[in-house]
Number of protein chains: 2
Amino acid sequence: MDNSIRVKFDKIDRKILEILQANAKITNAQLSKDIGLSPAPTLERVKKLEQSGIIKSYHAKLDPEKIGLGVSTFVLVSLIGHNKGNIDAFMKEINQIEEVIECHHITGTGDFILKIIAKDITAYQKLMLEKVSEIKEVDSMQSMVILSTFKDSKVLPIPA
Amino acid sequence: MDNSIRVKFDKIDRKILEILQANAKITNAQLSKDIGLSPAPTLERVKKLEQSGIIKSYHAKLDPEKIGLGVSTFVLVSLIGHNKGNIDAFMKEINQIEEVIECHHITGTGDFILKIIAKDITAYQKLMLEKVSEIKEVDSMQSMVILSTFKDSKVLPIPA
DNA sequence: ATTTTGCGCCACATAATATTTTGAAATTTC
DNA sequence: GAAATTTCAAAATATTATGTGGCGCAAAAT
């Protein structure tokens with residue numbers, strides 16, 4: 001809960017962050033060459049970025065198709081009530097469903113947008129009917145099936 | 001372009017994939033303990049998963065707030081024409097904009113959904129007016145500002 | 001202007017870790 | 001049921017990360 005703490009970092013740190021976002025498996029030696037520093041201070045900077053929470057974690061990115069996940073969707077969800085109790089209850093239920101890989105509270109028409117991933121349309125339908133729709137706080141839902149993904153960058157643009 | 005190639009993997013591989021999605025920085029020794037194998041075959045399995053393309057890449061996840069990115073949005077975009085030429089032209093323009101970190105072609109009302117990240121509302125507005133709106137294939141847009149993100153799992157549910 | 005202080009850097013030494021090799025055991029195939 | 005293939009473990013080796021000491025530069029103080 002230590003939100004919006006703006007930790008400071010310089011041009012070199014920014015470069016490190018760009019590189020590690022694109023490729024977390026780079027060796028420290030190579031990273032140090034790319035940023036023009038020797039290995040020791042390079043590693044020290046990376047550690048500081050980790051400790052300060054700027055770097056939160058490291059993840060392997062898989063190919064959904066190759067592990068048998070053929071259907072991805074975004075779902076706009078409206079709740080029946082917009083009070084904190086309902087929202088908390090909804091969140092709690094959503095957290096239990098592993099196929100829901102993202103859940104954002106948004107402005108606009110709906111209240112939430114979910115990203116869901118499933119094996120196929122049949123599995124998706126079953127998931128929606130038996131799990132998501134069953135959450136009693138849910139009023140309406142609107143699904144958008146992803147036909148194809150043109151861009152899925154893991155590199156955030158770091159402001160100057 | 002070698003889509004939908006279903007590579008096969010067993011229960012141990014699945015466990016490896018789950019672990020590496022959640023934590024790519026685990027040492028091979030620790031990974032081998034977690035899955036109950038010795039280091040050598042463990043590493044061999046990881047390499048095969050990488051070579052087969054099941055594991056596509058590794059990325060550092062940053063804290064957007066701490067690098068000064070305070071505004072994230074989803075944007076529904078409709079194009080003026082739905083032919084391939086227009087879509088290609090749109091994609092090309094979108095790829096140039098680094099603040100657009102995701103772009104998916106979807107079914108339903110709109111044609112595309114984008115995920116955009118910016119420093120603040122002012123920067124977001126400027127970005128939308130000067131870059132995204134300027135793309136001539138764009139007909140209409142509808143923004144959904146993310147108030148908060150409750151779930152952002154990097155772990156895909158791997159079907160049995 | 002000179003000293004002082006502190007930070008960030010490099011180079012080298014050492015520790016940790018990954019990777020290769022070898023061979024044995026289990027499983028599959030014919 | 002034997003040969004071939006695959007999968008594994010243990011140990012040796014190579015690579016990489018990490019800790020230490022000292023140097024140099026920049027900013028602050030005198």
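Just so it is clear: chains get the letters A, B, ... in the order the sequence lines come, proteins before strands, and each one is counted from 1.
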Given [options], identify the nucleotide with an atom nearest to the side chain of [X].
X: B:A40; options: C:dT20, C:dG8, D:dA17; result: C:dT20
X: A:I12; options: C:dC9, C:dT19, C:dA18; result: C:dC9
X: B:N28; options: C:dC9, C:dA18, D:dT18; result: C:dA18
X: A:A29; options: C:dG8, C:dT19, D:dA17; result: D:dA17
X: A:P41; options: C:dC9, D:dG19, D:dC8; result: C:dC9
X: A:S38; options: C:dA18, C:dC10, D:dA17; result: C:dC10
X: A:K47; options: C:dA18, D:dT18, D:dA9; result: D:dT18

[X] [atom1] to [N] [atom2], straight-line distance once rounded to whole Å:
X: B:R45; N: D:dT6; atom1: CZ; atom2: C1'; result: 11 Å
X: A:L43; N: C:dG8; atom1: CG; atom2: C1'; result: 15 Å
X: A:I35; N: C:dC10; atom1: CD1; atom2: C1'; result: 13 Å

Checklist entry - Salt bridge between B:D13 and B:K15, side-chain N to carboxylate O under 4.0 Å? => result no
Next on the checklist: Over all strands shown, is A:T27 touching base, sugar-phosphate only, or nothing at heavy-atom distances under 4.0 angstrom?
Outcome noted: sugar-phosphate
Next on the checklist: Aromatic contact between A:F90 and B:F150, with the criterion being ring centroids under 6.0 Å apart: yes or no?
Outcome noted: no
Next on the checklist: Could you tell me if the side chain of A:N28 sits less than 4.5 Å from the side chain of A:Q30, heavy atoms only?
Outcome noted: no
